Amino acid sequence: MKKLMQRLSPPGMRLTAEKAIVAVCWSLSTIWAVGTFITNYLFERNFLFHPEGDLEFLRGGIPPIPSFAALTEGASLGFYTTALIISGFTTFRFLYFIQGSKSIYLIRRLPQRTALFKQTAALPLLGIAVTWMIFLVLTGMMIAVYLLATPKWGLPAEPFKDIWEVFACWKLIS
Amino acid sequence: MLEINIVKKSYINKPALSDVKLSFPRGEIVGLFGENGAGKTTLMKCALGLLPYKGNVTLDGAPITKKNIEKLSFATGEHSFFPELTGAGHRDFYKEHFPAFSDKRFQGLTEFFGLPLHRPLRALSTGQKNQFEVIFALSQGADYILMDEPFTGNDVFNREDFYKVLLGILEPHETVILSTHLIEEVADFIGRAVLIRAGRIVGDVKTTELEDDGKKLIDYVKETYMYQPDRVSRALEQITGEDAL
């Protein structure tokens, strides 16, 4: 993995800062996404029950909890931010070739046509892909919680209505 | 044969090169001379495809593309190495990307100059950086080695040594095009001198022709550039108001 990362980076470039930034971004994005879902979900789920002492009893005659997409509204915000930050690395990587020396001349002289792309954009693109894979895995886990922790009668008729809105964060921004 | 036919190259409407026609057969050491801003660097960068221009540059009849670019190498005073990478790291990088890279030449030259292989190049002196820059260009396995002011920051002894080493290691098929202001210093090492002024080729002569005419290279350059020997005394007169001579 380390070798692959080095092969997809400007020669000699230290990846410590990039790795740290990405790790922090992924962690915060995960906390934000899970936190958003858990907060919304628990809030809605609580309406299904009424507590009596240490026990919880199902409440009757109340509407089901909202769809999964409604409970995860804005959860993807951190991942969009992370993707944006990672795409910015492409610029920093390009600047590496013109700072301190003009190694851009060497890169452009290489017989390999894709060398410049490989060393500036490939790893950020891979990072963005991994970012969204993490979000998809998290979404899968949240769906599992949504389905397994909610009583069947408490689920809406179409629990995955407008599921693509899981990726929407503009409502939160606006 | 490297053939350069640049009809025009300009920087934001300012002409940098005009009607440059040059051909370099294999096995030559060529000095490229001209004052600052004459177009030496631009000419080299155009030949390498690093700058856009109108015209064409061919190598053995074929345009310079990714297929034959490895036949050209470049050493520049601006430096084209990776500052954070060590000499050994560069050796590995060149070996990976240029199959004709000569490890033997690289090792021989780095040992000759006593260059450290395991320190990032940014941590080296300007002279050492220049030496590495030239060594990479010479070891790449190129047929045409373009050098643009490669010895800036090197002392005269180092430069002298380098010229001698250069003559000793070059294979008959290798051509060096050396852009420098150190005309007198390289006079004994080059076989041809190309003079450029305001983006145009104003002189192109073999040093043997100069020898036959009993002319020194520096005199040929001054003559071609219409150098005015009395310009210093005239300037001093103007500045001091006194007769300088």
Side-chain angles (χ1 to χ4, degrees), chain A residues 1-25 85-128 130, chain B residues 41 44-52 64-101 118-124 126 129-130 132-133 136-137 140-142 144-148:
Chain A
M1 188 62 182
K2 194 180 168 188
K3 273 193 173 177
L4 175 74
M5 286 177 74
Q6 276 170 346
R7 286 184 71 82
L8 297 179
S9 302
M13 185 179 170
R14 287 182 197 164
L15 301 175
T16 325
E18 274 190 9
K19 283 198 273 190
I21 290 169
V22 171
V24 168
C25 284
I85 289 169
I86 293 177
S87 65
F89 290 167
T90 306
T91 311
F92 283 109
R93 283 164 167 252
F94 183 79
L95 290 176
Y96 180 86
F97 292 118
I98 51 174
Q99 283 175 341
S101 78
K102 293 285 176 69
S103 53
I104 187 75
Y105 297 153
L106 175 55
I107 285 292
R108 288 184 58 195
R109 283 199 302 110
L110 294 179
Q112 294 76 21
R113 198 176 294 272
T114 55
L116 184 60
F117 170 81
K118 247 172 80 174
Q119 293 177 357
T120 52
L123 199 58
L125 282 175
L126 201 66
I128 291 169
V130 173
Chain B
T41 303
M44 287 194 169
K45 287 181 181 172
C46 287
L48 289 157
L50 298 172
L51 291 175
I64 311 286
T65 63
K66 291 284 179 191
K67 283 181 186 167
N68 58 4
I69 189 78
E70 65 186 294
K71 300 277 183 197
L72 302 176
S73 68
F74 185 43
T76 165
E78 291 178 279
H79 299 148
S80 61
F81 51 69
F82 307 107
E84 298 296 329
L85 198 63
T86 62
H90 278 88
R91 178 192 57 208
D92 298 341
F93 180 85
Y94 270 81
K95 274 164 100 170
E96 187 187 333
H97 292 91
F98 299 103
F101 181 81
H118 298 287
R119 285 176 66 193
L121 298 200
R122 68 168 162 74
L124 305 183
T126 307
K129 287 175 185 171
N130 291 336
F132 260 121
E133 181 77 16
F136 295 140
Q140 185 189 300
Y144 290 87
I145 301 154
L146 281 64
M147 296 189 188
D148 183 24

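Bear in mind the structure is a predicted one, so any value in this text is a computation, not a measurement. Chain letters run A, B, ... following the sequence lines, proteins first and then strands; every chain starts at 1.
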B:K45 versus chain A, the contacting section by heavy-atom distance below 4.5 Å: side chain
Structural part of B:E133 lying under 4.5 Å from a heavy atom of chain A: neither
Spacing of CZ belonging to B:F74 relative to CG belonging to A:L106, to within rounding of 0.5 Å: 11.0 Å
Contact winner vs chain A - B:E96, B:H97, B:H79, heavy-atom pairs under 4.5 Å: B:H97
Heavy-atom closest contact (B:F81 atom, A:S103 atom, distance): O-CB, 3.3 Å
Qualifying salt bridge (Lys or Arg N to Asp or Glu O under 4.0 Å) pairs, either residue in residues 91-116 of chain A, two or more places apart: A:E18-A:R93, A:K102-B:E78
Part of B:Y94 lying under 4.5 Å from any heavy atom of chain A: side chain
Best-contacting candidate, A:P10, A:G100, A:G12, against chain B by heavy atom pairs under 4.5 angstrom: A:G12
Closest heavy-atom pair and its distance - A:P111, B:K66: O-CB, 3.4 Å
Under 3.5 Å, side-chain donor or acceptor atoms of residues 82-92 of chain B against the rest of the protein: list the pairs with distances, not counting sequence neighbours.
unit_1: B:E84; atom_1: OE1; unit_2: B:R122; atom_2: NE; d: 2.9
unit_1: B:E84; atom_1: OE2; unit_2: B:R122; atom_2: NE; d: 3.1
unit_1: B:T86; atom_1: OG1; unit_2: B:G89; atom_2: N; d: 2.9
unit_1: B:H90; atom_1: ND1; unit_2: B:T86; atom_2: O; d: 2.8
unit_1: B:H90; atom_1: NE2; unit_2: B:F82; atom_2: N; d: 2.9

Chain A contact via B:L48 - side chain, backbone, both or neither, heavy atoms under 4.5 Å: side chain
Heavy-atom proximity to chain A below 4.5 Å, by part of B:L72: backbone
